Amino acid sequence: MEAVLNSSRRDNIGSPSKWIGITCNGVGNVVRISLPHSNLRGTLENLSFTSFPNLLTLVLSNNSIYGSIPFHICNHSKLTNLCLDINNLSGMIPSQIGLLTSLQHFDLSSNDLSGSIPYEIGMLRSLKVFRASNNSLLGSIPASIGNLTILTILDLDRNKISRSILEEVGHILSLNKLHFYGNQLTGSIPASIGTIKVLKELDLFNNQLSGLVPTTIRNLTNLNVLDVGVNQLSGRIPPGIGKLRSLTWLSFFNNSMNGSIPLEMDNLTNLEYYQLQANSFSGYIPDNVCHGGKLLEFYADDNNFIGPVPKTLRNCTSLIIIHHEANQLTGNISEIFGTCPNLYYMDLSRNKFFGELSERWGKCSNLSLLNISKNEISGRLPLELGKATELRILDLSFNHLAGNIPKELGQMKLLFDLRLNNNSLSNKVPSEIGMLSELRNLDLSKNNLTGPIPKDLDRCSKLTESNLRDNKFVGAIPFQIGNLHFLQYLDVSHNFLGGELPSKLGNLQSLETLQLSHNSLSGSIPYSYNDVLSLIFVDISYNQLEGPLPKTKAFTMAVLGNNKGLCGNNIDLKPCPTKRRKDSNATLVLIILSIVCFIISLLIIVGIIFIYRMKEDAVDEPRAAPIETYFATWNYDGKNVHEEILKATQNFDSKYCIGVGGYGCVYKAQLPTGEVVAIKKFHKSD
């Protein structure tokens, strides 16, 4: 304690009354220590409470005090206020706490206390406020709690307290607030609670209570909050609840209650929060649900309500949130709501509304979510819808909408979820769709949209899901889609797309699902798709694709049927030719070409040699054939021929020699007939 006090002093000298957080009485005794939010650390074990016999108030809230609550703190019978909330205290509440008989305000909330609430708590007859919420207390509520007859606040929220709520709780007639939210309480709500007529808040949310809502609740005419949501209650709403005209919060959320809503509920004109969702209520929603004009949030979803939306809701200008989905509500959607300037959230999905959307939706300047999916709405999308610039979620899927997608939707710059699937929308998707820079989810599937997929989609840089299947899109898949680095789901199947797959899709490092089936895509799958390791599911069936598959696991298990000639590691495909076989084929071709070139070169060389030798032979024995002819045709005898040759060559003069061979010389001679002949004169033999 000395360290705590030192941390609170302005200086270490002077009267304690001058220390921060310390209050003394007229005679100098410390009566109050209040040091919340003071960054105190440590335990209370060494705190000398005997030094402060007149201490009335000890407030150490919102610090970093740990350890257990020391039992000697309970020796201060004069203590009226003990606030140790929002610390790190652990262990059990000491049973000696019953000695603090003057205690009026006891706050242990937001610690890590365990064990059960000691029976001795019932000895604190002066206690007005007991808070122990947000701990790990367990066991049952002690019956002695009924002895605290002047208690006004009992807050045990968010613990592990079990068993039933004792009838003794109903004996605390002074209670204003009774909070048991977020425990494990079982059994029924005791009828004795109806005797606490000053009770203003009854919070039993998120337990395991069963049985009926007691009819004695009707006696709690001062009640502002009644929350019995997320339990296992059954039966009908007691009509007497309609007498609780002070109610501002009423919740029966997520029980097993049934029947129609009592007409008496129309008397609750001060209601601001009204929760009926996730039950089995039937019949009509009460007409005067917003009769008081104060209703802020109304939840009636997941029931069996029928008929139209109540008239008082149509012009309930106070409304912020409406959940009416998953019922059987009917009526013309254009007549349901008027001007709702404060409306933030509207969900009318999964009902039977019909008619056309009104341009008045564009006047809902605060509207963040509009979901009217799975109804029977027809007509066109109103251009004025683009004026609802605060919209984040727009879901009009599963209706009968027709016509164009208005380019004005591009004005909704905050939109991150756009679902127009399963309608009859037609014509081109406007390029203004690229102005939706916050868009995460886009679903335009199962319409009659035509033209190319807009290239401007890459401006939706935060897109994670894009579903364009079952339309009439034509042309190639825009390579710009490869710029959508956060894209996880892409489905353009069942269209009329053609051309080759863009290699830039290999940049989609977050892509998990790729659906391209039932198109006319051709060519090979780009090698870059090997880089998309995030892929889990691939369907490229019913196209004209060919060539090898990427080697990732997703393509190994992909749906590939009815393509032109894909190959690779997939149960439905033949393996591609190995690289080794390709190398051997190439080598064989090179060898054959080399041999052919060698043979051709050899033939050319042989031909050149042959021609050269022919020329040489022609020089050695020129025109031998004419001489033979000459001798064969002339009728001269040998002597006359010899004389003519000697005369023509001037007795074999060297000037007539035209060649020399191995056996003699060859001479050129012109005979008397004018014919030129070659004559060979043999050398004399040895």
Side-chain angles (χ1 to χ4, degrees), residues 203 205 213 223-230 236-237 239 241-242 244-255 257-333 335-353 360-361 364 366-375 390 393 395:
D203 191 350
F205 179 81
V213 177
L223 208 60
N224 301 132
V225 174
L226 174 58
D227 195 337
V228 294
V230 191
R236 296 171 175 264
I237 297 174
I241 288 182
L244 309 182
R245 295 175 182 269
S246 297
L247 275 179
T248 59
W249 182 295
L250 177 60
S251 176
F252 298 106
F253 164 52
N254 197 7
N255 280 282
M257 301 181 72
N258 54 44
S260 59
I261 308 301
L263 295 177
E264 290 84 353
M265 301 292 279
D266 281 348
N267 298 325
L268 305 180
T269 56
N270 289 305
L271 272 182
E272 297 177 5
Y273 303 92
Y274 194 5
Q275 299 181 345
L276 302 172
Q277 71 269 39
N279 281 283
S280 298
F281 292 126
S282 57
Y284 295 88
I285 298 174
D287 281 339
N288 296 318
V289 67
C290 190
H291 184 65
K294 297 180 181 179
L295 192 62
L296 301 176
E297 300 181 14
F298 184 24
Y299 302 82
D301 47 294
D302 289 288
N303 281 288
N304 298 309
F305 288 119
I306 60 173
V309 172
K311 294 179 180 179
T312 55
L313 280 181
R314 297 182 187 179
N315 294 297
C316 188
T317 56
S318 60
L319 270 174
I320 296 175
I321 295 176
I322 295 180
H323 272 279
H324 282 3
E325 66 269 24
N327 281 286
Q328 300 178 45
L329 299 172
T330 60
N332 192 324
I333 195 70
E335 299 174 356
I336 288 177
F337 289 97
T339 303
C340 300
N342 297 307
L343 194 61
Y344 177 80
Y345 193 110
M346 166 73 81
D347 194 338
L348 303 174
S349 62
R350 291 178 287 166
N351 279 288
K352 298 180 180 180
F353 294 115
R360 289 195 298 270
W361 289 112
C364 296
N366 291 316
L367 193 61
S368 176
L369 179 144
L370 178 60
N371 187 352
I372 319 180
S373 64
K374 296 183 179 179
N375 279 281
E390 292 296 315
I393 299 174
D395 190 348

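As the structure is a computational prediction, the values presented were derived from the model and not from experiment.
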Could you tell me whether the side chain of Ser280 and the main chain of Asn258 form a donor-acceptor pair under 3.5 Å?
no
Taking all non-hydrogen atoms of both residues, which atom of Phe252 and which atom of Asn279 are closest, and how far apart?
O-ND2, 2.9 Å
Supply the atom-to-atom distance Asp301 CG to Leu329 CG, rounded to the nearest 0.5 angstrom.
10.5 Å
Side chains of Leu319 and Leu296, heavy atoms from C-beta outward: is any pair under 4.5 Å?
no
Mind checking the OG-CE spacing from Ser260 to Met265? Nearest 0.5 Å is all I need.
11.0 Å
Would you mind reporting whether Asp287 and Thr312 have side-chain heavy atoms less than 4.5 Å apart?
no
Taking every non-hydrogen atom, the tightest pair across Val289 and Leu313
CG1-CG, 3.7 Å
Correct closest heavy-atom pair for Tyr274 and Ile261 would be OH-CG2, 3.7 Å
Is a side-chain N or O of Ser282 found less than 3.5 angstrom from the main chain of Phe305, in a donor-acceptor match?
no
Would you confirm whether the ring centroid of Tyr299 sits within less than 6.0 angstrom of the ring centroid of His324?
no
Heavy-atom side-chain contact between Tyr344 and Cys364 under 4.5 Å
no
Check: Gly229 main-chain N/O paired with Asp227 side-chain donor or acceptor under 3.5 Å
yes
Nearest-0.5 Å distance that lies between atom OG in Ser246 and atom CG in Leu226
12.5 Å
Shortest non-hydrogen contact between Arg314 and Glu335, atoms and distance
CD-O, 3.4 Å
Whether the side chain of Asn303 engages the backbone of Gly283 through a donor-acceptor N/O pair (distance < 3.5 Å, no angle test) should be reported.
no
Interatomic spacing from CE in Met346 to CG in Leu367 - rounded to 0.5 Å:
7.5 Å
Side-chain (Asn375) to main-chain (Leu348) donor-acceptor, under 3.5 angstrom:
yes
Side chains of Asn270 and Lys294 only: does a donor on one sit below 3.5 Å from an acceptor on the other?
yes
Kindly give the heavy-atom pair with the smallest separation between Pro310 and Ile285, and that separation in Å.
CG-CG2, 3.4 Å
Steps toward side-chain contact (heavy atoms from CB on, under 4.5 Å) verdict (Leu343, Ile322):
CA-CA 8 Å; Leu343 194 61; Ile322 295 180; 4.2 Å; yes
Does Asn371 offer a backbone N or O that forms a donor-acceptor pair with the side chain of Asp395 under 3.5 Å?
no
Using a distance-only test with no angle check, is there a side-chain donor-acceptor pair under 3.5 angstrom linking Gln275 and Ser251?
yes
Taking all non-hydrogen atoms of both residues, which atom of Ile333 and which atom of Ile372 are closest, and how far apart?
CD1-CG2, 3.9 Å
Leu247: which of Asn224, Val225, Asn267, Ile241 passes side-chain contact (heavy atoms from CB on, under 4.5 Å):
Ile241
Does Met257 offer a backbone N or O that forms a donor-acceptor pair with the side chain of Asn255 under 3.5 Å?
no
Test item: Phe298 and Ile321 side chains (from C-beta on) under 4.5 Å apart, heavy atoms
no
Asn327 side chain vs Ala300 backbone, donor-acceptor pair below 3.5 Å:
yes
Is the shortest side-chain heavy-atom distance between Glu264 and Pro239 below 4.5 Å?
yes
Ring center gap for Tyr345 and His323 short of 6.0 angstrom
yes
Check whether any side-chain N or O of Ser318 sits under 3.5 Å from a backbone N or O of Leu295 as a donor-acceptor pair, and report yes or no.
yes
Gap between atom CD1 of Ile320 and atom CG of Asn366 - 0.5 Å precision:
9.0 Å
For Leu276 and Phe253, run side-chain contact (heavy atoms from CB on, under 4.5 Å): C-alpha distance rounded to whole Å, both residues' side-chain angles, the deciding distance at 0.1 Å, then the answer.
CA-CA 5 Å; Leu276 302 172; Phe253 164 52; over 6 Å; no
Working to the nearest 0.5 angstrom, can you tell me the gap between Asp302 CG and Asn254 CG?
9.0 Å
